[in-house]
Amino acid sequence: MKWLLGIYVALYLAALALLIIGTFGLFGQEQDPLSAVFLLPLGLPWNILADRMGVEGVMPFVLTPLLNIAIVWGLWRWVKGRRAAQ
């Protein structure tokens with residue numbers, strides 16, 4: 001489960017970097033209003049919940065993947081603790 005967490009964090013950081021590069025037009029890249037699209041699947045289902053609650057802006061796209069990271073990290077710690085107790 002540790003490798004799953006590592007892959008997810010790497011994908012999150014890559015999508016966040018693409019958001020920053022696309023939003024500000026860094027490295028000669030044209031400014032792209034759809035640069036946050038890669039963060040959308042990483043934050044599901046929390047993005048849908050935030051949308052239905054009326055939360056707007058880019059911050060839900062940036063912060064909701066952190067909830068999934070926290071959940072996977074918690075599950076990894078829980079499984080690791082159960083294995084040590086056996």
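Please read these numbers as outputs of a predicted model, since none were measured by experiment.
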Shared hydrophobic cluster, [X] / [Y] (ILVMFWY, side-chain heavy atoms < 4.5 Å):
{"X": "I48", "Y": "I69", "value": "no"}
{"X": "L44", "Y": "L66", "value": "no"}
{"X": "L18", "Y": "L13", "value": "no"}

Considering only distance and modelled atom types, tabulate donor-acceptor pairs under 3.5 Å from the side chains of residues 27-41, sequence neighbours left out.
residue : atom : partner : partner atom : Å
D32     : OD1  : L34     : N            : 3.2
S35     : OG   : T23     : OG1          : 3.4
S35     : OG   : D32     : O            : 3.3

Who passes side chain to side chain contact (heavy atoms under 4.5 Å, CB included) against [X], sequence neighbours left out?
{"X": "F24", "value": "I20, L26"}
{"X": "L11", "value": "I7, L42"}
{"X": "L67", "value": "W46"}

Please tabulate, for side-chain N and O atoms in residues 78-85, each donor-acceptor pair with protein atoms closer than 3.5 Å (sequence neighbours left out).
none

Hey, does the side chain of Y12 reach the backbone of V62 with a donor-acceptor pair shorter than 3.5 angstrom? yes
Quick one: list whatever passes side-chain hydrogen bond (donor to acceptor under 3.5 Å, both in side chains) with N47, sequence neighbours left out. T64
